[in-house]
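Letters A, B, ... mirror the listed sequences (proteins, then strands); counts begin at 1. No experiment lies behind these values; they were computed from the predicted model shown.
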Amino acid sequence: MSDKIVTRFAPSPTGFLHIGGARTALFNWAYARAKGGKFLLRIEDTDRARSTTEAIDAIMAGMKWLGLEADEAPVYQSKRQARHVEVATKLLQSGHAYRSYAPDQELEKVRAEARAAGVAPRYPGRHEPLTMAKRGEYVVRFKSPIEGETVIHDEVQGDVVIKNDQLDDLVLLRSDGTPTYMLAVVVDDHDMGITHVIRGDDHLTNCARQIQIYKALGWDLPVFAHIPLIHGADGAKLSKRHGALGAEQYKALGYLPEGLQNYLARLGWSHGDEEIITTEQLIEWFDLDAINKAPARFDIQKLDHVNGHYIREADDDRLIADLKELISSGEMTHEFSYDVRKIEFDRFKDALPFLKERAKTLIELLEVASYLFVSLPIPMEDKAAKSIKDAPALDILKGLADELASLPSFEKETLETSLKGFAEKRELKFGKVAQPLRAVLTGTPNSPGIYDVLVSLGQEETLRRIRDVL
RNA sequence: GCCCCCUUCGUCUAGUGGUUAGGACGCAAGAUUUUCAUUCUUGAAACAGGAGUUCGAUUCUCCUAGGGGGUGCCA
């Protein structure tokens, strides 16, 4: 036993890496990193029928995207069956487990009766050997103590006491000889040298059962930390909407991994008033005692805000690379107002400094850049169309076309003096000049600053767009 | 049914036996500005309810209510 901390994330590969799992992985990863320990991944695929390789790939891809890579190759629980059987046999030999031949119907009956009587269901086989004929098919059950209580010393929940008479004799080995989760999780955590088990609190009650198995085996207990689940925006379980999406889907939605990571870290964990927390800071600050006991709701608006921060901070080249990847991935479901495959990334990059100020996701970034890449009859939004309909507006545009055509260069400062002078000459408020111009250049009433639009479009294209509506 | 966990602004949270209960998102107003966004300023907004302990409870205890989880040959 070394002092080094070892944590693990142990998903069952029956679906994508959902947001709750991602946070569990993040906490385990952060704790290992914070304490200079190891972070391992174990695929809990003992339920072969429901486990898929697609799910395994999706989970690993999601973790990789979030920057949560394990320090060693993943352990596949299904490949450790021999060891699980070995331990079950040991338990059988030491009298901590027994073969159970009862058919399902009998168990159903017992459970129904227990429920009707208002007590926890207990499997009767443990009291007296079953008298029924052995049919050859059996499961191995753990002989759970009836007297006393089991205490879980939980780093997040505190001491949780469960009376032993609440815990039934759980199945260790199924009738086909495969191990159940309850057995496998104990054996694997022990064998992998896991020192800290950080997982969702849906495992809290079952933890008491696992502790009994540890004790029967004479093994040391790991430290347990059961973190509350994440709820959806409506307070119910994570579902539909944003909550139940897979981590990878947030990528397709245009979120940055550091944005999601930051948001997730703050969901149920905090460090004073800190909101923007970099990966480095997370590693420096993360600890179990700052994890909240109450479940948190997933708030997409705050995620947007945090993500917007990271978009603005992001390096331009990196953003362009992300954009290219996102577009070629074909995973975006957003319907764009223009053909994003026609984007000229050189021009995009030049405009990025002022574009990223107004985007919270990569998708929004592509949308605010739309004016750059639409082709000639510029699609007009109603409001924009209205602002250039009347004669005075058209007259302004006509004058603007002449004015802009006469400029020797198309730089911001030149344009500023030019446009301001133009407005002054005609005794117009600047908005009267800028709005029609914006409409005709971008097709919308809202856009980046007019000088930025002008510069990013260039003199030739600007004039082409103005003249197109005259 | 039985068992376990949880409860500070709408949301994420800080916090203390005595505080003007703090921050963030969102919302509202204002400043900046050619629009939108960014940025900045200001504002509204919370200790679930009831007992008890105490000189004093948001903080400690109990009860209730509400929410969540478990109770599988799922994990």
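Ranking B:rC5, B:rG72, B:rU13 by closeness to the A:D168 side chain, first place goes to B:rG72. Nearest nucleotide to the A:L229 side chain, out of B:rU34, B:rG68, B:rC6: B:rG68. Looking at the side chain of A:S175, the nearest of the listed nucleotides B:rC5, B:rC73, B:rU34 is B:rC73.
Base pairing annotation: B:rG72 forms no Watson-Crick or G-U wobble pair, as no partner gives both donor-acceptor distances under 3.5 Å. Across all strands shown, B:rC62 forms a Watson-Crick or G-U wobble pair, both distances under 3.5 Å, with B:rG50. Across all strands shown, B:rC25 forms a Watson-Crick or G-U wobble pair with B:rG10, both key distances being under 3.5 Å. The nucleotide B:rC40 finds its pairing partner in B:rG30, both defining distances of the Watson-Crick or G-U wobble pair being shorter than 3.5 Å.
Using a cut-off of 4.0 Å between Lys/Arg side-chain N and Asp/Glu carboxylate O, A:R209 and A:D168 are scored as not salt-bridged. Salt bridge present: A:R318 and A:E258 bring a charged side-chain N and a carboxylate O closer than 4.0 Å. Salt-bridge formation is detected for the pair A:K356/A:D316: a Lys NZ or Arg NE/NH1/NH2 atom is positioned less than 4.0 Å from an Asp or Glu carboxylate oxygen. Between A:E275 and A:R266 there is a salt bridge, since at least one side-chain N of the basic residue sits less than 4.0 Å from a carboxylate O of the acidic one. Here A:E416 does not pair with A:K412 in a salt bridge; the nearest charged N to carboxylate O distance is not below 4.0 Å. For A:E461 and A:R465, the salt-bridge test passes: some basic side-chain N is under 4.0 Å from an acidic carboxylate O. Salt bridge annotation for A:R83-A:D188: absent, with no cationic side-chain nitrogen under 4.0 angstrom from a carboxylate oxygen.
Checked against a 6.0 Å centroid threshold, the rings of A:H203 and A:Y181 count as neighbours. Outside the 6.0 Å centre-distance limit, the rings of A:Y255 and A:Y263 are not counted as a close aromatic pair.
In this structure, A:I291 places its CD1 atom 15 Å from C1' of B:rC12, rounding to the nearest Å. Rounded to a whole Å, the CG atom of A:D452 is 12 Å from the C1' atom of B:rU34. If you take CG of A:N307 and P of B:rG26, they are 13 Å apart, rounded to a whole angstrom. Atom NZ in A:K293 sits roughly 13 Å away from atom P in B:rA14 (whole-Å rounding).
The side-chain heavy atoms of A:D201 and A:D154, taken from C-beta on, include no pair separated by under 4.5 Å.
Among the atoms of the strands shown, none is found under 4.0 Å from any heavy atom of A:H226. Across all strands, A:V433 comes closer than 4.0 Å to no nucleic acid atom at all (heavy-atom distances). Residue A:S12 is in sugar-phosphate contact alone, with no base atom involved, counting any heavy-atom pair closer than 4.0 Å across all strands shown. Counting non-hydrogen atoms under 4.0 angstrom, A:V171 reaches the backbone sugars and phosphates but no base. When heavy atoms are screened at a 4.0 angstrom cut-off, A:P295 is found touching the sugar-phosphate backbone but no base atom. Among the atoms of the strands shown, none is found under 4.0 Å from any heavy atom of A:R42. A:D201 comes within 4.0 angstrom of sugar-phosphate atoms only, judged by non-hydrogen atoms across all strands, and of no base. The residue A:T14 sits apart from the nucleic acid: no heavy atom pair falls under 4.0 Å. Here A:Y451 lies in heavy-atom contact (under 4.0 Å) with a base.
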Between the protein and nucleotides 35-42 of chain B, which nitrogen or oxygen pairs come in under 3.5 angstrom?
unit_1 : atom_1 : unit_2 : atom_2 : d
B:rU35 : O4'    : A:Q435 : OE1    : 3.1
B:rU35 : O2'    : A:P445 : O      : 3.3
B:rU35 : O2'    : A:N446 : OD1    : 2.8
B:rU35 : N1     : A:R438 : NH2    : 3.3
B:rU35 : O2     : A:R438 : NH1    : 3.4
B:rU35 : O2     : A:S447 : N      : 2.8
B:rU35 : O2     : A:S447 : O      : 3.0
B:rU35 : N3     : A:R438 : NH1    : 3.1
B:rU35 : N3     : A:S447 : O      : 2.6
B:rU35 : O4     : A:G449 : N      : 3.1
B:rC36 : O4'    : A:N446 : OD1    : 3.4
B:rC36 : O2     : A:R358 : NH1    : 2.4
B:rC36 : N3     : A:R358 : NH1    : 2.3
B:rA37 : O2'    : A:E357 : O      : 2.8
B:rU38 : OP1    : A:K360 : NZ     : 3.4
B:rU38 : O2'    : A:E357 : OE1    : 3.0
B:rU39 : OP1    : A:R312 : NH2    : 3.3

Please write out each protein N/O paired with an N/O of nucleotides 20-23 of chain B under 3.5 Å, distance rounded to 0.1 Å.
unit_1 : atom_1 : unit_2 : atom_2 : d
B:rG22 : N2     : A:D273 : OD1    : 2.8
B:rG23 : N2     : A:R266 : NH2    : 3.4
B:rG23 : N2     : A:E275 : OE2    : 2.7

Each nucleotide N or O in nucleotides 8-10 of chain B that has a protein N or O under 3.5 Å away: list the pair and distance.
none

Short N/O separations, protein against nucleotides 43-46 of chain B, under 3.5 angstrom:
none

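A cation-pi arrangement is present between A:R23 and A:F27, with the terminal nitrogen or guanidinium carbon under 6.0 Å from the aromatic centre and inside a 45° cone about the axis. A cation-pi arrangement is absent between A:K425 and A:F422, since the terminal nitrogen or guanidinium carbon is not both under 6.0 Å from the aromatic centre and inside a 45° cone about the axis.
The gap from the P atom of B:rA48 to that of B:rC9 amounts to 7 Å, rounded to the nearest Å. For the P atom pair drawn from B:rU16 and B:rG22, the interatomic distance equals 15 Å after rounding to whole Å. Comparing B:rU19 with B:rU58, their C1' atoms are spaced 11 Å from each other, to the whole Å. If you take atom C1' in B:rG50 and the same atom in B:rA65, they sit 10 Å apart, rounded to whole Å. Remark: the separation of the C1' atoms in B:rU54 and B:rG18 is 12 Å, to the nearest Å. Spacing between B:rA21 and B:rA57 at atom P, rounded to whole Å, works out to 16 Å. Comparing the P positions of B:rG17 and B:rG26 gives a spacing of 33 Å, expressed to the nearest Å. A distance of about 16 Å separates the C1' atoms of B:rG23 and B:rC47, rounded to the whole Å.
With the nearest nucleotide of RNA chain B identified for both A:A290 and A:Q157, A:Q157 has the one nearer the 5' end. Position along RNA chain B of the nearest nucleotide to A:K163 versus A:Y263 favours A:K163 as the more 5'-ward residue.
Distance check: A:T24 OG1 to A:H18 NE2 gives 7.5 Å after rounding to the nearest 0.5 Å.
Annotation for A:A401 and A:I466: closest pair CB-CG2, 4.0 Å, computed over non-hydrogen atoms.
Partners of A:H196 by ring-ring contact (aromatic ring centres under 6.0 Å, His included), not counting sequence neighbours, listed by chain and number: A:Y31.
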Return all side-chain donor-acceptor pairs below 3.5 angstrom for residues 361-370 of chain A, not counting sequence neighbours, or 'none' if the list is empty.
unit_1 : atom_1 : unit_2 : atom_2 : d
A:T361 : OG1    : A:I363 : N      : 3.3
A:T361 : OG1    : A:E364 : N      : 3.1
A:E364 : OE1    : A:K360 : N      : 2.8
A:E367 : OE1    : A:S337 : OG     : 3.0
A:E367 : OE2    : A:H334 : NE2    : 3.0
A:E367 : OE2    : A:S337 : N      : 3.4
A:S370 : OG     : A:E367 : O      : 3.0

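With a 6.0 Å radius and a threshold of 12 heavy atoms from other residues, nucleotides or ligands, A:E424 has its CD atom at or below the threshold.
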